[in-house]
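Because the structure is predicted, anything quoted here is derived from the model rather than measured.
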Amino acid sequence: MNAERAGTVARLERDIADLERLLVDMPPHHAGGTRRAAEERLDDLRRSLRRARTGDGGTD
């Protein structure tokens, strides 16, 4: 893994951890679809992390 990809992986891992911590404190019925949007973003970040780790195009 080159240095650029390693940096991307590290950033995505931090973003995922931050969002997971946020979701723990967010009530399931959060108004305005905020929780749903956060869950969708988490899924996007996880897909991007898988791609970055395998070298299949990096992040979205």
Side-chain angles (χ1 to χ4, degrees):
M1 182 181 308
N2 66 29
E4 183 179 334
R5 192 170 355 147
T8 299
V9 167
R11 181 184 52 81
L12 287 166
E13 288 172 338
R14 280 191 310 271
D15 290 349
I16 288 169
D18 289 345
L19 191 51
E20 286 173 337
R21 280 190 296 274
L22 178 68
L23 281 168
V24 166
D25 294 331
M26 191 181 296
H29 59 278
H30 200 281
T34 304
R35 182 175 179 91
R36 183 172 48 249
E39 290 170 343
E40 290 172 2
R41 177 66 180 143
L42 185 58
D43 290 341
D44 292 344
L45 288 170
R46 287 177 175 155
R47 276 191 296 277
S48 294
L49 179 59
R50 273 193 303 275
R51 278 189 229 111
R53 284 183 172 159
T54 61
D56 293 338
T59 59
D60 292 336

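Side-chain contact between R53 and E13: present, with at least one pair of heavy atoms (C-beta onward) separated by less than 4.5 Å. Annotation: side chain of V24 is not in contact with side chain of R21 (no heavy-atom distance under 4.5 Å).
Taking all atoms of both residues into account, the shortest heavy-atom contact from R35 to P27 is CD-O, 3.6 Å. Among all heavy-atom pairs drawn from A38 and L23, the shortest one is CB-CD2, 3.7 Å.
If you run side-chain contact (heavy atoms from CB on, under 4.5 Å) between L19 and each of R14, R41, M26, only R41 comes through.
With rounding to the nearest 0.5 Å, the separation of CG in D43 from CD1 in I16 is 10.0 Å. The line from CG of L42 to CG of D18 is 11.0 Å long, rounded to the nearest 0.5 Å.
For R11 and D15, the salt-bridge test passes: some basic side-chain N is under 4.0 Å from an acidic carboxylate O.
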